[in-house]
Amino acid sequence: MTETCDVLVVGAGPAGTAAALTAARAGLNVVVLERGEYVGAKNLTGGMVLTRVLADLIPDYADRAPLERPVEHQRVMLTDGPRALTLDIGNATFLDPPHNGFTVLRRAFDAWLADEARAAGAVIVTGAVVDDLILERGQVVGVRARLPEGELRASVVVLADGVNSLLAQRAGLRREHRPHDVSLGVKELWRLPAAVIDQRCGLRRGAGAAYAVIGDFLQGIPGGGFLYTNKDSLSVGVVVSPLDLARRQVTADQVLEGFKRIPEIARLTEGGQLVEYGAHLVPEGGYAALPQLSGGGVLVAGDAAGLVVNTGLLLMGMNLALDSGRCAGQAAVAAIRRHDSSAAGLADYERRLGQSVALTAMRAHRRAPALLRRERLFVTYPRLVNDLLADLVTVGAGPKQPFWRLARRRLRGKDALDLAQDAFRGARSL
Amino acid sequence: MDRVDKLLQVRHVVDLNPHIQIDTACCAACDDRCLWFCPAGCFEAGPEGIAFQYEGCLECGSCRVLCPGVSWDYPAGGRGVTFRFG
Ligand SMILES: Cc1cc2nc3c(=O)[nH]c(=O)nc-3n(C[C@H](O)[C@H](O)[C@H](O)COP(=O)(O)OP(=O)(O)OC[C@H]3O[C@@H](n4cnc5c(N)ncnc54)[C@H](O)[C@@H]3O)c2cc1C
Ligand code: SF4
């Protein structure tokens, strides 16, 4: 028997759930198929979710969502061996609505989002792998899933199946990722008492910090380290280019071990208990690598569409997933009301997305991917900055020289043109 | 800390059918990148070339993108890596 619905969503990550929530609220018949044992089982993030889109979708989210800590401090750390320069960008107003970002753990967060969609009327089926799309006259009309029903038909299918979207490829909307367009994230979760986290990270009770770290621990591999404070755990990991791991013959886990050995990081995790390890890809091709976002009967949202911005200091994917999912939901509603879910009928999605936070951010940061492949950024500059600042605070043998003279000497060895160029490019793309 | 100890902290619901198959024909022309990019150490260099074991797989997809010899599919519904926190 074939079941039928208005909107069928593949994947219950933030993109899929936002699409389902939006369409279900408009009174449509919505089914979400998720391959995990439960919602969130397959999902892993840094991570901090920026709250602007979340607040639009669910205005009272802060009272109900399983949020870990509101991020008051964003810390950028440049390390060189045992030396670390930390820039702390603090904003106490981020502790109160409308906040700015919260740290989250995905199993709880995704499950809650899915419950919001259920409450709006969407049906969410877990343990259901979608294998293929059903095509009729070039139009997607449903999916084939590993379920007793086998086939499910829908007026609109939303592909929110994440970075490994096999379905967007099968639909001919996306090519395979090029190896240098993906980054590999590995992450560990360390359990520690909340009060210890507050104290070590210098946080008022319950407030959060997000660390973005670059330095020689990366061994020249494009990427970065991160640390996020949860209520009673720390999310610690690195995001690195897998192609460069192979080139340097080092594993992501070894880079992560090096990251954790930085004294400034080691003192934060000390004495903690490792409770989980995981890995996940990040699509980092940026604006230039965006696939076709819609076709007849089908829309692509979130990581499946490559909607991620990595500025080197801030990785944004969840908010773009929520935003594109919402746009997909709206476009599906509009198309179904007009009884036209053809490619032309759904083209409205790209128009909506064009004005969204998601695509605006992608466009604004379109130069970041190329910039972030430069090795100097990850080794040379952190070292240079640490050298310069060490000159300020240390006294060697001989008379103390004025800072400007030392700085000029330090900079003389470097290719001033490179530095100027990167500074210019950095300012333009971040 | 050793990766093996880390992997012990990961919950897996075993799928008896391997979701990844590898064809080692392409190994001869390769730089053995799988030994480095796979975060679960599923690929190992053995006397008869690369040996692959799907059981500890974290389903990241790196081998899908970086290895031409891999045929990759999702495990059965509800099976495979199952994060408790994410
Ligand atoms: C290490 C790391 C750190 C990150 N840090 C941050 C951060 O701090 N802030 C931030 O905003 N973003 C961050 N991101 C990015 C962010 O996690 C993603 O962009 C976001 O999760 C994408 O959401 P999504 O809904 O598109 O996809 P996903 O969350 O991947 O969801 C896809 C869903 O589809 C399901 N699925 C896939 N295929 C099928 C199928 N065939 N049938 C049924 N179900 C299927 C999956 O099981 C999954 O539940 C980070 C990513 C990583 C890896
Ligand atoms: S999907 Fe990732 S974890 Fe699994 S075998 Fe491939 S590279 Fe290793």
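Every chain is numbered from 1, with letters handed out A, B, ... down the list of sequences.
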Options A:Pro179, A:Gly47, A:Gly278, A:Gly127, ranked by heavy-atom pairs under 4.5 Å with chain B, top entry: A:Gly127
Proximity breakdown for A:Gln249 and chain B, heavy-atom pairs closer than 4.5 Å: both
Choice from B:Gly41, B:Gly80, B:Gly86 maximising heavy atom contacts with chain A below 4.5 Å: B:Gly86
Portion of A:Val250 that has a non-hydrogen atom of chain B nearer than 4.5 angstrom: backbone
A:Leu166 portion near chain B, given a 4.5 angstrom heavy-atom threshold: both
Largest heavy-atom contact set with chain B, pairs under 4.5 Å, which of A:Glu188, A:Arg247, A:Lys260: A:Glu188
Under 4.5 Å from a heavy atom of chain B, the part of A:Asn164 involved: both
Under 4.5 Å from a heavy atom of chain A, the part of B:Leu8 involved: neither
Interchain contact, A:Ala252 with chain B, by part (heavy-atom threshold 4.5 Å): backbone
Gap separating the SG atom of B:Cys38 from the CG atom of A:Leu184, nearest 0.5 angstrom: 9.0 Å
Exam field: side chain B:Arg84 to backbone A:Val275, donor-acceptor pair closer than 3.5 Å: yes
Within 6.0 Å of CZ in A:Arg191, more than 12 heavy atoms from elsewhere: yes
Atom CD of B:Glu48: over 12 foreign heavy atoms under 6.0 Å: no
Closest heavy-atom pair and its distance - B:Leu35, A:Thr251: O-CG2, 3.9 Å
Atom group of A:Leu243 that falls short of 4.5 Å from chain B, counting heavy atoms: both
Heavy-atom pair of closest approach, residues B:Val65 and A:His177: CG1-O, 3.6 Å
Contact class of A:Tyr38 relative to chain B, heavy atoms under 4.5 angstrom: side chain
Contact leader toward chain A among B:Arg79, B:Lys6, B:Glu59, B:Met1, where contacts are heavy-atom pairs under 4.5 Å: B:Lys6
SB check B:Arg3 A:Glu257 (cutoff 4.0 Å): no
Heavy-atom donor-acceptor pair, A:Glu276 side chain to B:Phe83 backbone, under 3.5 Å: no
B:Phe85 CZ to A:Leu105 CG distance, which is reported to the nearest 0.5 Å: 8.0 Å
Straight-line distance of B:Leu66 CG to A:His180 NE2, nearest 0.5 Å: 11.0 Å
Any A:Leu281 side-chain heavy atom under 4.5 Å of B:Ser62 side chain: yes
B:Asp15/A:Arg146 salt bridge by N-O under 4.0 Å criterion: no
Structural part of A:Glu34 lying under 4.5 Å from a heavy atom of chain B: neither
A:Pro242 side chain reached by B:Arg33 side chain, heavy atoms, under 4.5 Å: no
